[in-house]
Amino acid sequence: MEWEAPAVILDVRPFGEADALATVMTEEHGAHRGLVRGGSGRSRSALWQPGNLAQVRWTGRLPEQLGHFAGELIHPTAALMLDEPLPLAMLRAACAVAEGALPEREPHPRSFAGLLQIIGHLGAGAEALADQIRWEVALLAELGYGLALESCAVSGEKEALAYVSPRTGRALSADAAGDWAPRLLPLPPFLCDGTAGDARQWRDGLRLTAHFLARDVFGMRHLSLPLAREALYDRVAELAERDTDG
């Protein structure tokens with residue numbers, strides 16, 4: 001058995017003295033694990049880094065086997081982001097969420113396309129955060145946990161939406177929220193109006209998607225939200241605090 005496709009490298013872990021276990025994502029094969037001979041060695045470790053784009057070939061005697069990966073670098077995303085703390089945190093968070101959330105060997109072409117879009121926009125820095133949060137919202141929907149952000153769950157109105165119920169994932173207007181507002185999750189406007197948002201909105205967006213990712217996706221598998229995703233939230237929260245103080 002064999003296949004070859006462009007892939008995003010999601011996760012790489014040492015295996016033995018010089019080999020590595022890698023998880024990649026392709027459009028057709030979804031998240032897929034395999035063994036990389038020499039993947040932890042000096043000559044190959046630059047290729048097998050989370051966030052890199054590579055032309056990957058998987059071979060295995062039977063479809064259900066772990067199999068082996070070989071690859072050629074297409075784009076060294078990880079190396080290009082090393083001196084860019086926020087884009088690097090975004091890249092690591094996106095790869096960690098995809099690796100932990102997506103069922104293995106199940107194609108999710110929209111999530112793959114969205115991940116490529118995130119990688120392509122990292123050069124924009126913080127402004128790319130809005131796209132990353134929208135990707136997480138779309139990922140939740142693709143996994144069957146879509147949020148209902150189009151109208152108020154109480155009044156049905158489509159304007160002045162300000163909160164999301166942490167229980168149902170449905171939007172609420174400020175008027176409908178009333179005294180319950182402190183118990184609800186803020187809904188950042190950019191998720192409704194298509195604008196770029198700002199640091200405080202990105203912080204609220206990351207908090208919103210983190211709640212449902214942690215509860216419905218990772219929690220259902222008895223996993224915690226990836227540390228890289230938590231680190232991204234902390235970094236953006238600091239950015240929002242600096243903007244508020246300024």
Approximate separation, where rounding is to 0.5 Å, of L66 CG and R61 CZ: 13.0 Å
Short side-chain to backbone donor-acceptor contact, R183 and P166, under 3.5 Å: no
Flag, side chain of E142 to backbone of S111, donor-acceptor distance under 3.5 Å: yes
OG1 on T77 to CG on L82, rounded to 0.5 Å: 11.0 Å
Heavy-atom pair with the smallest gap, counting every atom of P50 and D11: CG-CA, 4.2 Å
Test: D204 and R207 ion pair at under 4.0 Å: no
CZ/R33: more than 12 non-hydrogen atoms of other groups inside 6.0 Å: no
Side chain proximity check, H121 to E127, heavy atoms < 4.5 angstrom: no
Donor-acceptor contact present, side-chain E157 to main-chain S173, <3.5 Å: no
Gap between atom NE2 of H29 and atom CD of E104 - 0.5 Å precision: 13.0 Å
Check: L206 and L232 side chains under 4.5 Å, non-hydrogen atoms: yes
Cluster link I119 to I9, ILVMFWY, side chain under 4.5 Å: no
Heavy-atom neighbours of F15 CZ exceed 12 at 6.0 Å: no
Interatomic distance, L122 atom CG to Q117 atom CD [nearest 0.5 angstrom]: 11.0 Å
I118 reachable from L53 in the ILVMFWY side-chain graph, under 4.5 Å edges: yes
Cluster check L149, F212: I/L/V/M/F/W/Y, side chain < 4.5 angstrom: yes
Note, R200 side chain near P188 side chain (heavy atom, < 4.5 Å): no
Criterion side-chain contact (heavy atoms from CB on, under 4.5 Å) on H108 and L143, from CA distance to verdict: CA-CA 9 Å; H108 286 276; L143 294 174; 4.0 Å; yes
CG on L184 to CZ on R167, rounded to 0.5 Å: 11.0 Å
N52 side chain to A46 backbone, donor-acceptor under 3.5 Å: yes
Shortest non-hydrogen contact between A177 and Y163, atoms and distance: CB-CD1, 3.6 Å
Closest non-hydrogen atom pair, L80 against E84: O-CG, 4.4 Å
Other residues, nucleotides, ligands: >12 heavy atoms within 6.0 Å of R215 CZ: yes
H32 side chain reached by W58 side chain, heavy atoms, under 4.5 Å: yes
Minimum side-chain heavy-atom gap W180-L172 below 4.5 Å: no
Other residues, nucleotides, ligands: >12 heavy atoms within 6.0 Å of R105 CZ: yes
Where L115 and V8 come nearest, the two heavy atoms and their spacing: CD2-CG1, 3.8 Å
Polar side-chain atom of Q49 near backbone of S45 as donor-acceptor pair, under 3.5 Å: yes
Residue pair R235 / L88, side-chain heavy-atom distance below 4.5 Å: no
Residue pair C192, L187: steps toward the side-chain contact (heavy atoms from CB on, under 4.5 Å) verdict: CA-CA 9 Å; C192 300; L187 174 59; 3.6 Å; yes
Shortest non-hydrogen separation from D19 to G38 and the atoms involved: OD1-N, 2.8 Å
From CA spacing to verdict: side-chain contact (heavy atoms from CB on, under 4.5 Å), L62, M1: CA-CA 6 Å; L62 297 171; M1 301 293 297; 5.7 Å; no
side-chain contact (heavy atoms from CB on, under 4.5 Å) assessment of E99 paired with M25: CA-CA 8 Å; E99 191 272 335; M25 185 180 185; over 6 Å; no
Any L35 side-chain heavy atom under 4.5 Å of L21 side chain: yes
Exercise: do D193 and T195 side chains pair donor with acceptor under 3.5 Å: yes
L47-L116 co-clustered via ILVMFWY side chain contacts under 4.5 Å: no
Common cluster, L223/L140, ILVMFWY with side-chain heavy-atom separation under 4.5 Å: yes
S151 to K158 - nearest heavy-atom pair and separation: CB-CG, 4.0 Å
W3 and F69 aromatic ring geometry - parallel, tilted or perpendicular at 30°/60° bounds: perpendicular
Heavy-atom side-chain contact between Y145 and M220 under 4.5 Å: yes
Rounded distance [0.5 Å steps], OG in S40 versus CD in E17: 11.0 Å
Heavy-atom donor-acceptor pair, Q132 side chain to M90 backbone, under 3.5 Å: yes
More than 12 heavy atoms of other groups within 6.0 Å of E159 CD: no
